[in-house]
Structure formats: C-alpha cells, structure tokens
Amino acid sequence: MRVVTAFEQQVYEAISAIPCGKVTTYKYLAQRLGCGSAQAVGQALKRNPHAPQVPCHRVINSQLKIAGYMGQVSGEEVQRKIDLLAAEGVEFDSDGYLEDCSLVLEEW
DNA sequence: AGGGTGACTGCTA
DNA sequence: GTAGCAGCCACCC
C-alpha cells in the first residue's frame, strides 16, 4: 500500500479537475500546488497509484509535448493515451507534440 | 539520518 | 537552431 501524501493528493485532484479536451503543463501544475518544481509533480505522477483515474496524459511539459514515460514518448501505451486525448479533442503530432497550443489550460 | 533518483524547466555554449 | 549543464522539490532506498 503506497502512502499518498497530501502533495500527491493535490496533484491527482488537480489533474482530475482538468476539463475534458484540455491539458496542462507540469510547471503550472507545480506552481498551483505552491512548489514551482515540476519535478515533484512528475514524481507524484510516476508513483501514480490511481491509474487511469488520474489522466496523467493530460499533463504535458512546457514544450507542449506529451510526457509518457521518462519524459519521452516511448511505447505504444503512451500512443494510446495520445489517441484518447485526440478523442477528447486534443490532437497531438506524430512526435508527441500538441498540435493546438490553445488547448493548454493554465487555470482551472 | 543521509544520499540518490526523477513522467521537468530554464539558461548558456 | 541544436546540445549540454545546473537548479529545483518531493519521494525512495
């Protein structure tokens, strides 16, 4: 049983609160949590005990690129997430970059 | 108690 | 424009 700290809980809550068809960045998310360190957010998602309940694919980096695993798009698992995002209206490039940067939600 | 890691970011060469 | 280095916070061993 993994101990979900308050910080992680906030991360999951924030991600879960992201409206459909929208995405956000690690930086803004971290800033909203009052940390300013996206690395900490990445840690929380890495330890993500909530699985699909927490759509981590909605979180992208500052370069508007999807963060699948190890910061790079590797594996068809991530590709599936991209497809899922596309179904919500968020289309990504074949390189994993967000096509429409206006879909990035900076406040929610 | 201390050190190392990481799904990141930003600056500099 | 591309590549490499340092800084940052939280979690794990």
Side-chain angles (χ1 to χ4, degrees):
Chain A
M1 186 61 181
R2 209 162 287 120
V3 179
V4 181
T5 64
F7 186 83
E8 292 180 329
Q9 190 64 49
Q10 289 177 81
V11 176
Y12 307 138
E13 282 287 316
I15 296 172
S16 300
I18 299 175
C20 217
K22 296 279 185 177
V23 294
T24 188
T25 65
Y26 283 97
K27 186 172 182 284
Y28 216 95
L29 188 57
Q31 195 171 347
R32 183 177 175 79
L33 296 178
C35 300
S37 179
Q39 199 99 23
V41 179
Q43 276 293 357
L45 270 57
K46 174 189 168 191
R47 301 289 168 187
N48 180 9
H50 292 274
Q53 187 176 332
V54 179
C56 40
H57 47 266
R58 280 185 187 162
V59 185
I60 62 178
N61 58 16
S62 292
Q63 296 186 354
L64 290 310
K65 187 180 178 185
I66 191 164
Y69 205 68
M70 289 176 70
Q72 295 295 321
V73 180
S74 54
E76 298 181 14
E77 297 293 321
V78 178
Q79 186 60 45
R80 187 181 43 164
K81 294 179 180 177
I82 296 175
D83 187 62
L84 189 65
L85 265 289
E88 295 182 359
V90 184
E91 298 181 40
F92 284 89
D93 196 301
S94 55
D95 292 324
Y97 286 93
L98 183 65
E99 292 251 4
D100 191 344
C101 54
S102 61
L103 294 176
V104 178
L105 188 61
E106 297 182 335
E107 295 181 41
W108 74 97

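Chain letters run A, B, ... following the sequence lines, proteins first, then strands; residues in each count from 1.
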Task: Gap between atoms CG and P, on A/Leu29 and B/dG6 respectively (whole Å) - done: 21 Å

Open item on the list: Working note: A/Thr25 + A/Val104, criterion side-chain contact (heavy atoms from CB on, under 4.5 Å); need CA distance, chi angles, decisive distance, verdict.
Closed with: CA-CA 7 Å; A/Thr25 65; A/Val104 178; 3.8 Å; yes

- [ ] For atom CD of A/Glu99, decide whether the heavy atoms of other residues, nucleotides or ligands shown that lie under 6.0 angstrom number more than 12.
- [x] yes

- [ ] Let me know the distance between CG of A/Leu33 and P of C/dC11, rounded to the nearest Å.
- [x] 11 Å

TODO: Nearest whole angstrom, please: distance from the P of B/dG10 to the CD of A/Gln63.
DONE: 9 Å

Any N/O pairs under 3.5 Å between the protein and nucleotides 11-13 of chain B? List them or say none.
none

Task: Verdict with supporting geometry, A/Glu88 and A/Arg58, salt bridge (charged side-chain N to carboxylate O under 4.0 Å, His left out) - done: CA-CA 10 Å; A/Glu88 295 182 359; A/Arg58 280 185 187 162; 3.3 Å; yes

TODO: For A/Asp95 and A/Tyr97, indicate whether the former's side chain and the latter's backbone hold a donor-acceptor pair under 3.5 Å.
DONE: no

Task: A/Leu29 reachable from A/Val54 in the ILVMFWY side-chain graph, under 4.5 Å edges - done: yes

Open item on the list: Closer than 3.5 angstrom, by distance alone: can the side chain of A/Trp108 be matched with the main-chain N or O of A/Ala14 as a donor-acceptor pair?
Closed with: yes

Name the pairs: protein N/O against N/O of nucleotides 3-10 of chain C, kept only if under 3.5 Å.
from, atom 1, to, atom 2, distance (Å)
C/dC9, O4', A/Ser37, OG, 2.9

- [ ] Figure out the CD1/C1' separation between A/Ile82 and B/dA7, and round it to whole Å.
- [x] 13 Å

Task: d(CD1, A/Ile60; P, B/dC8) in whole Å - done: 12 Å

- [ ] Quickly work out the A/Asn48 CG to C/dC12 C1' distance and round it to whole Å.
- [x] 17 Å

TODO: Send over the distance from A/Arg47 CZ to B/dG6 P, rounded to a whole Å.
DONE: 9 Å

Task: Gap between atom CG of A/Asn48 and atom OH of A/Tyr12 - 0.5 Å precision - done: 5.0 Å

Task: Backbone of A/Leu105 reached by a side-chain donor or acceptor of A/Thr24 within 3.5 Å - done: yes

Open item on the list: Would the distance check show the side chain of A/Tyr26 and the main-chain N or O of A/Ser37 forming a donor-acceptor pair, the cut-off being under 3.5 Å?
Closed with: no

Open item on the list: At less than 4.0 Å, is any side-chain N or O atom of A/Lys27 found next to OP1 or OP2 of B/dG10? Yes or no.
Closed with: yes

